[in-house]
Amino acid sequence: MLRAPSNFEATLKLLPRRHYSAAAIGFALALYGLVLATAREVRRRISPQTILGATACTGWATLRRWTRAVAHRRLFAALPSSAPSAMLRRVAASAAASLAAYADPTSRGEALEHRAFLGAAHAA
């Protein structure tokens, strides 16, 4: 069960020029990179939008933008960089694992994707 971190407001804070919180983005990266969920499944779990456009059939453009932003160090810039030729899913996995390390030590028993959610809130 996903618990609210001690600084709950940090999980709700939207990142600059993003429509999602750092925690939500970290969770999305973990679902895509570590859980190996499809982009469509990640969108279903993260996005509040219920009406989707035609491009939603091929994935989630926002997830691709976030992952590219991580790869180019425009998002979560403090994380270790990925190999320049890394595929997007590998970039997401590396970022999510690094974000999980930022989670409070009391969350060690949680699933890695939940720890990425918590860690992203602290890393932002």
Side-chain angles (χ1 to χ4, degrees):
M1 184 70 170
L2 185 59
R3 293 178 282 110
S6 58
N7 186 357
F8 185 66
E9 291 175 1
T11 63
L12 301 177
K13 183 179 174 189
L14 297 180
L15 289 177
R17 300 182 340 175
R18 313 269 178 208
H19 294 282
Y20 292 83
S21 68
I25 294 171
F27 189 50
L29 293 171
L31 290 174
Y32 185 66
L34 300 173
V35 178
L36 303 179
T38 63
R40 183 180 206 161
E41 175 63 14
V42 173
R43 182 181 192 143
R44 187 189 68 74
R45 293 186 63 184
I46 302 295
S47 176
Q49 301 297 321
T50 55
I51 300 172
L52 306 177
T55 59
C57 295
T58 60
W60 191 19
T62 300
L63 180 60
R64 288 190 299 273
R65 277 193 297 273
W66 290 339
T67 308
R68 286 186 187 115
V70 168
H72 293 109
R73 305 181 62 85
R74 292 188 310 265
L75 180 60
F76 300 121
L79 299 181
S81 58
S82 298
S85 62
M87 302 294 285
L88 291 180
R89 195 175 291 269
R90 182 68 197 122
V91 171
S94 176
S98 295
L99 289 169
Y102 282 92
D104 188 270
T106 60
S107 68
R108 294 254 187 255
E110 300 286 341
L112 198 54
E113 63 270 21
H114 294 172
R115 294 189 61 227
F117 171 90
L118 297 169
H122 292 289

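- Within the structure, the salt bridge (Lys or Arg N to Asp or Glu O under 4.0 Å) test picks out the following pairs touching residues 22-45 (sequence neighbours left out): Glu41-Arg44.
- The two residues Tyr32 and Ala37 come nearest to each other via the heavy atoms CD1-O, 3.5 Å.
- Residues satisfying the side chain to side chain contact (heavy atoms under 4.5 Å, CB included) criterion with Leu79, sequence neighbours excluded, are Phe76, Ala95, Ser98, Leu99, Tyr102.
- Atom CZ of residue Arg89 and atom CG of residue Leu29 lie 11.5 Å apart, to the nearest 0.5 angstrom.
- In this view, Ser47 and Tyr20 satisfy the side-chain hydrogen bond (donor to acceptor under 3.5 Å, both in side chains) rule, not counting sequence neighbours.
- Every side chain to side chain contact (heavy atoms under 4.5 Å, CB included) that Leu34 has, sequence neighbours left out, goes to Ala30, Ala93, Ala96, Leu112.
- Of all heavy-atom pairs spanning Ala120 and Ala23, the tightest one is CB-CA, 3.9 Å.
- For the residue pair Phe27 and His114, the shortest heavy atom distance occurs at CE1-CD2, 3.8 Å.
- No donor-acceptor pair under 3.5 Å is formed between the side chain of Arg115 and the backbone N or O of Ala101.
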Practice prompt. Could you walk me through whether Thr67 and Arg64 pass side-chain hydrogen bond (donor to acceptor under 3.5 Å, both in side chains), step by step?
Written response: CA-CA 5 Å; Thr67 308; Arg64 288 190 299 273; over 6 Å; no
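- Considering only heavy atoms from C-beta on, Thr62 stays 4.5 Å or farther from Ile46 through its side chain.
- The heavy-atom pair separating Asp104 from Ser107 by the smallest distance is O-OG, 2.7 Å.
- In terms of the side chain to side chain contact (heavy atoms under 4.5 Å, CB included) criterion, residue partners of Ala86 (sequence neighbours excluded) are, by chain and number, Ser82, Ala83, Arg90, Val91.
- If you chain together ILVMFWY residues whose side-chain heavy atoms come under 4.5 Å of each other, Leu88 ends up in a group of its own.
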